[in-house]
Novice: 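This structure is in structure tokens; I'll ask about it shortly.
Numbering of ligands and ligand atoms starts at 1, following listing order.
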Amino acid sequence: MTGGGGFIGSNLVRALVERGDDVRVLDNFSTGNRTNLAELLGDVEVVEGELRSYERVHAATRGIEVVFHQGALPSVPRSVQDPLTTSAVNVEGTLNVLLAARDEGVRRVVCASSSSVYGNSGELPRIETANPDPISPYGVSKLAAERYCVSFSRVYPLETVALRYFNVFGPNQDPTSQYAAVVPRFITAIADGRAVSIYGDGEQRRDFTYVENVVEANVLAAETDGVSGAVLNVATGRSTTVNELADTIASILGRSVERDEQHERTGDVRDSWADVMRARELLGWEPRIGLEEGLRLAAEFFLQRTALA
Ligand SMILES: NC(=O)c1ccc[n+]([C@@H]2O[C@H](COP(=O)([O-])OP(=O)(O)OC[C@H]3O[C@@H](n4cnc5c(N)ncnc54)[C@H](O)[C@@H]3O)[C@@H](O)[C@H]2O)c1
């Protein structure tokens, strides 16, 4: 797995280890963290290496049956600041993963794509047959990576599946980085009695998806026959505004919310909400954990971590 030291990757590593799979992680720990794998270190082979190096990726791919490609620079604002590095890691890095998989006779590559490929045009909820129209350099990079996955399934004997994740949240997500996502930021701020930063009017909608649902989609995408070349939304199929998210977290924590209104962020989409029929039909997958249950589980994780710190 690439990016196994990151938020989603480490949750997926844990699930694979619990199933009894042998797992090798390739990560340069730039946005991920070794502590995410601390409890699993005896069960996982960790290779520190760079996605931009074909040699490193190739060496890490030897003897592998399925590659879960989670490694990327995953932030919209980071991509606006530095589109070149985002593209090098997300596009060239994905090409290295696909080439190494092809060269090593890997059966299937399951690739993390993103709702950011949709942009603002077209109807809601977003359906996979809609024309992609990304706004940010990050969205462009994920679209290019995803199209390389589809292309490789057409021109080489390599199976690929691309999963478009929508606003994933849960344990091991970093609440402190400059590019931290909204759910861990809100949980830690509200729990500490600090104001939450809201970009724009807070009425933008998102399909917030608990990480366990994403882990299960990955496992099914690796195992289900006859789905090579597919591109699938992975989300809950429900939309929530950022203001509603803040209120729900506050009520779970038994706190009130203080809002700090900030300018809208360049590159952000207005509304994001998925149609998840295709993944249901092709993978037999269900987003089992809804928003509120997921937020309770995530809050438990972050509060426990703060208590231990
Ligand atoms: N979190 C979300 O809401 C979300 C939504 C849509 C798509 N995604 C995609 O899911 C995947 C995982 O995202 P995440 O939220 O877990 O992010 P993350 O930053 O926690 O994980 C990414 C991992 O990739 C590693 N990495 C980054 N650059 C690398 C490089 N050059 N070489 C080797 N390893 C490198 C990082 O160290 C990190 O461990 C990414 O592909 C991201 O684009 C995430």
Novice: Salt-bridge test for R164 and E146: reply yes if a basic N is under 4.0 Å from a carboxylate O, no otherwise.
Specialist: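 Yes.
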Novice: So, R107 and E65, do they make that salt bridge, N to O below 4.0 Å?
Specialist: yes
Novice: Which class fits the ring pair Y118 and F166: parallel under 30°, tilted 30 to 60°, perpendicular over 60°?
Specialist: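 Taking F166 first and then Y118, their aromatic rings sit tilted (interplane angle of 30° to 60°).
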Novice: Would you mind checking which non-hydrogen protein atom is closest to atom 32 (N) of ligand 1, with the distance to 0.1 Å?
Specialist: L51 N, 2.9 Å
Novice: Among protein heavy atoms, which sits nearest to atom 23 (C) of ligand 1, and what does the distance come to when rounded to 0.1 Å?
Specialist: G3 CA, 3.6 Å
Novice: Could you list the atoms of ligand 1 found under 4.0 angstrom from a heavy atom of G49?
Specialist: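 With G49 as reference, the close atoms of ligand 1 come out as 32 (N), 33 (C).
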Novice: I need the nearest protein heavy-atom contact for atom 25 (C) of ligand 1: residue, atom name and distance, please.
Specialist: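 Protein heavy atom with the smallest distance to atom 25 (C) of ligand 1: D27 OD1, 3.3 Å.
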Novice: How close does the nearest protein non-hydrogen atom get to atom 21 (O) of ligand 1, and which residue and atom is it?
Specialist: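 The protein heavy atom lying closest is G6 CA, 3.5 Å.
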Novice: Starting from atom 12 (C) of ligand 1, locate the nearest protein heavy atom and write down its residue, its atom name and how far away it is, to 0.1 Å.
Specialist: Q70 O, 3.2 Å
Novice: With a cutoff of 4.0 Å, is S30 in contact with ligand 1, counting heavy atoms of the residue only?
Specialist: yes
Novice: Please could you name the atoms of ligand 1 that F29 approaches to less than 4.0 Å, counting only its heavy atoms?
Specialist: 37 (O)
Novice: Could you identify the single nearest non-hydrogen protein atom to atom 20 (O) of ligand 1 and state the distance to 0.1 Å?
Specialist: F7 N, 2.8 Å
Novice: Please determine if Q173 has a nitrogen or oxygen closer than 3.5 Å to a nitrogen or oxygen of ligand 1.
Specialist: no
Novice: Taking only heavy atoms of N167, which atoms of ligand 1 are found under 4.0 Å from at least one of them?
Specialist: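 It comes down to these atoms of ligand 1: 3 (O).
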Novice: Say you draw a straight line from CD1 of I135 to OG of S79; how long is it, rounded to the nearest 0.5 Å?
Specialist: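 OG of S79 is found 11.0 Å from CD1 of I135.
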Novice: Please compare G93, G5, G32 and report which has the shortest non-hydrogen distance to atom 38 (C) of ligand 1.
Specialist: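 Looking at heavy atoms only, the winner is G32.
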Novice: Looking at E286, I'd like to know if its CD atom is crowded, meaning that more than 12 non-hydrogen atoms belonging to other residues, nucleotides or ligands lie closer than 6.0 Å.
Specialist: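 Atom CD in E286 is crowded, with more than 12 foreign heavy atoms closer than 6.0 Å.
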Novice: For atom 8 (N) of ligand 1, which of the options Y165, Y179, F208 provides the nearest non-hydrogen atom?
Specialist: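 Nearest heavy atom to atom 8 (N) of ligand 1 lies in Y165.
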Novice: If we only consider heavy atoms of S75, is any one of them less than 4.0 Å away from an atom in ligand 1?
Specialist: no
Novice: Output yes when R238 and E292 qualify as a salt bridge under the 4.0 Å nitrogen-oxygen rule, no when they do not.
Specialist: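 No salt bridge links R238 with E292.
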Novice: Output yes when R34 and E48 qualify as a salt bridge under the 4.0 Å nitrogen-oxygen rule, no when they do not.
Specialist: yes
Novice: Give the single entry among A72, G71, G170 that approaches atom 27 (C) of ligand 1 most closely by any heavy atom.
Specialist: A72
Novice: Under a heavy-atom criterion of less than 4.0 Å, does F166 contact ligand 1?
Specialist: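 It does not; every heavy atom stays at 4.0 Å or beyond.
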Novice: Starting from atom 41 (O) of ligand 1, locate the nearest protein heavy atom and write down its residue, its atom name and how far away it is, to 0.1 Å.
Specialist: K142 NZ, 2.8 Å
Novice: Do D43 and R14 meet the salt-bridge criterion of a basic N to acidic O distance under 4.0 Å?
Specialist: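 So R14 does not pair with D43 through a salt bridge.
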Novice: Before accepting this row, confirm whether a basic side-chain N of the pair E212/R288 lies closer than 4.0 Å to the acidic partner's carboxylate O.
Specialist: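 Not counted as a salt bridge, because no side-chain N and carboxylate O are separated by less than 4.0 Å.
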Novice: Counting non-hydrogen protein atoms only, what is the nearest one to atom 36 (C) of ligand 1? Give residue, atom name and distance.
Specialist: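 Answer, as residue, atom name and distance: T31 OG1, 3.1 Å.
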Novice: Do any N/O atoms on V168 end up under 3.5 angstrom from N/O atoms on ligand 1?
Specialist: yes
Novice: Please confirm whether S113 comes under 4.0 Å of ligand 1, counting heavy atoms of the residue only.
Specialist: yes
Novice: Answer yes or no: is there an ion pair linking D247 with R259, defined by an N-O contact shorter than 4.0 Å?
Specialist: yes
Novice: Looking at N28, which atoms of ligand 1 are within less than 4.0 Å of one of its heavy atoms?
Specialist: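 Taking each heavy atom of N28 in turn, ligand 1 has 26 (N), 27 (C), 28 (N), 29 (C), 30 (C), 31 (N), 32 (N), 33 (C), 34 (N), 35 (C), 37 (O) under 4.0 Å.
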Novice: Sort out for me which residue in V234, N213, V110 forms a side chain to side chain contact (heavy atoms under 4.5 Å, CB included) with N218.
Specialist: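 When side chain to side chain contact (heavy atoms under 4.5 Å, CB included) is applied between N218 and each of V234, N213, V110, only V110 qualifies.
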Novice: Is there side-chain contact between I64 and V67, with at least one heavy-atom pair below 4.5 Å?
Specialist: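 Yes, their side chains come closer than 4.5 Å.
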Novice: Show the numbers, then the answer: is there a salt bridge (charged side-chain N to carboxylate O under 4.0 Å, His left out) between D103 and R62?
Specialist: CA-CA 9 Å; D103 296 347; R62 292 211 176 92; over 6 Å; no
